[in-house]
Number of protein chains: 2
Amino acid sequence: MVTNPVPYTRSLHNPEHSGHHTPGSPHARMAAARTALERIGCDLKKPAKNVVFRQGENADFIYFLQSGAIRLDYQLENGRSLVLDFLWPGRFFGIMEDAVYAWSAITLVDVHLKCLRRSAVQTLARNYPDITDLLLKQKTAALMAAKNHIVLMSHPTATSKLIGFLLAYSKQPEYFNQTTQVLTLIMSRKDIADYLGMTFETASRIFKYLETRNYIKKINHRQIQLNMHMLRKP
Amino acid sequence: MVTNPVPYTRSLHNPEHSGHHTPGSPHARMAAARTALERIGCDLKKPAKNVVFRQGENADFIYFLQSGAIRLDYQLENGRSLVLDFLWPGRFFGIMEDAVYAWSAITLVDVHLKCLRRSAVQTLARNYPDITDLLLKQKTAALMAAKNHIVLMSHPTATSKLIGFLLAYSKQPEYFNQTTQVLTLIMSRKDIADYLGMTFETASRIFKYLETRNYIKKINHRQIQLNMHMLRKP
DNA sequence: CGAATAATTGAAAAAGATCAACGTGAGTGG
DNA sequence: CCACTCACGTTGATCTTTTTCAATTATTCG
């Protein structure tokens, strides 16, 4: 299992993309809303490879990922399944318009979640309009992730899809060591393939091909040193 | 050009997916917000094949599609472009978190838009919290469309992608005649190909293949009779 | 250690892309 | 009205990429 020597965490008060913010800034404005959410949320820890919620279950809770990583799976009627997204700390997930979850959420590593009852959030949102703003921002983040996913899938070759994936994934500070340039893959070849729309054999072969061309260097199956200069070139 | 003998329109008071709704229902609750939006919006008509906004431009306006259809294009740095979505009446679009539009919006046919200044909507949202709810619902609709797009692109063959596209598109009452089973394609083969991640030659060949297998019958390049029974089968 | 899972590799088949040529149909100007 | 043009669509031949099916090697976990 992948260990996190220095866990990279996000709290509701230290959310995604928040930097230094002065009072009166959009981020600061939401502080009260975040505190209110903090109060109704309960902490939840889950080990790696566990189901947080399953597609079709009643969508009674929404979640905030404080540390770790999540994979969102969508199952088709014919049994095939695909990976819709990988989630990193700071992301809300499970925010559904409908009564049931439209996809499943699986932990990739040990995770620390904040668990919020949907009805409680809805009630609270009446007093704190910024909560709705926060959810809107999160939906926007999800939509941008989906757009980037579509762009990746539309790449003409499996090689460029995989390179695009590695470059996007290497933005995660917890899994990419800037000094050694080593990327720790917390998902399987099959997960990557199911995300990019290819078979896992093809994904495996492309890794091989990238190594022969010195784009990457495999330390082991889950640790890969990236030659960023080469990967960013074409 | 494709004519719409009986234009299919949506107003802010007759939005997407709204059916009969009683006072006190979520839809009815938003009536005041919609009226307020109606007041600050101005009507805008555009002919077919016109730019509503271009990727990179200042995102000063958000739009509501009252009638017609829109194509959302994303241009990559390398010059390649892809179709992110097709929009139908009742959809808001151009709601950006950032200062500039992340993609372009092009009319496919003559359209009737409601045009709203972003700053005015933001101001109004302070008095009408339901406006933020409305935008959140619209983001959810956009995210679900993106999810369906990803599912389509992940299909293993070009044939199943195209069948999935035809079945989804045939849900648009303005372009699918339920009695004759004729679908009017308002987008080119290239648009479809750029949406599904294939070349337009492949899209053309699959149309041919579907005709030989009696899945479809071409009336002309833009009018196709669907054999729903066959298309839904596999 | 040993079983189960994940990853790699090979060979053959299928699917799709590419490049090139040819139709078709709507709009234009003589 | 008719030829012309231009964008769009179709089709063919060839080449490349990816999948499929099968076998083998690694790794992980109890």
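Letters A, B, ... mirror the listed sequences (proteins, then strands); counts begin at 1.
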Do any side-chain atoms of residues 142-151 of chain B form donor-acceptor pairs under 3.5 angstrom with protein atoms, and if so which ones, sequence neighbours left out?
{"residue": "B:N148", "atom": "ND2", "partner": "B:M144", "partner atom": "O", "Å": "3.3"}
{"residue": "B:H149", "atom": "ND1", "partner": "B:L84", "partner atom": "O", "Å": "3.0"}
{"residue": "B:H149", "atom": "NE2", "partner": "B:Y195", "partner atom": "O", "Å": "2.7"}

Please list all pairs meeting salt bridge (charged side-chain N to carboxylate O under 4.0 Å, His left out) that have one or both residues in residues 46-57 of chain B, counting only residues at least two apart or in different chains. none
Holding to salt bridge (charged side-chain N to carboxylate O under 4.0 Å, His left out), I want the full list of residues that pass it with B:D98, two or more places apart in sequence or in another chain. none
Separation of D:dT17 atom C1' from A:L162 atom CG, nearest Å, is 15 Å
Nearest whole Å is fine: how far is D:dT18 C1' from B:H155 NE2? 18 Å
Rounded off to whole Å, could you give me the CZ-to-P distance for the B:F200 and D:dG12 pair? 16 Å
Using atom NZ of B:K218 as one end and atom P of C:dG23 as the other, report the distance to the nearest whole Å. 16 Å
From NZ of B:K190 over to P of D:dG9, roughly how many Å is that when rounded to an integer? 11 Å
In whole Å, I'd like the distance from the CG atom of A:L210 to the C1' atom of C:dA7. 16 Å
Test of understanding: with ring-ring contact (aromatic ring centres under 6.0 Å, His included), list the residues that count as partners of B:F61, not counting sequence neighbours. none
Can you sort out the partners of A:H112 under side chain to side chain donor-acceptor pair (under 3.5 Å), two or more places apart, ordered by chain and number? A:Q66
Can you tell me if B:R222 touches the phosphate of D:dG9, counting only side-chain N or O atoms and a distance under 4.0 Å to OP1 or OP2? yes
Identify whether any heavy atom of B:K161 sits under 4.0 Å from a base atom; if not, whether one sits that close to sugar-phosphate; answer base, sugar-phosphate or nothing. nothing
Test of understanding: with ring-ring contact (aromatic ring centres under 6.0 Å, His included), list the residues that count as partners of A:Y74, not counting sequence neighbours. none
What are the atom names and distances for every N/O pair under 3.5 Å that joins the protein to nucleotides 10-16 of chain C?
{"residue": "C:dG10", "atom": "N7", "partner": "A:R205", "partner atom": "NH1", "Å": "3.0"}
{"residue": "C:dG10", "atom": "O6", "partner": "A:R205", "partner atom": "NH2", "Å": "3.0"}
{"residue": "C:dG16", "atom": "OP1", "partner": "B:A158", "partner atom": "N", "Å": "2.4"}

For the pair B:D85 (side chain) and B:L87 (backbone), establish whether a donor and an acceptor sit closer than 3.5 Å, ignoring hydrogens and angles. no
Atom pair distance, as rounded to whole Å: CZ in B:R189 and P in C:dA17: 16 Å
Have a look at the helix from C:dC1-D:dG30 to C:dG30-D:dC1 and give the angle its two end axes make, five pairs each, rounded to 10 degrees. 40°
Check whether any side-chain heavy atom of B:F64 sits under 4.5 Å from a side-chain heavy atom of B:L37, and report yes or no. no
Rounded to whole Å, please give me the gap between CG in B:N220 and P in D:dC8. 16 Å
For B:Y101, all residues meeting ring-ring contact (aromatic ring centres under 6.0 Å, His included), sequence neighbours excluded: B:F53
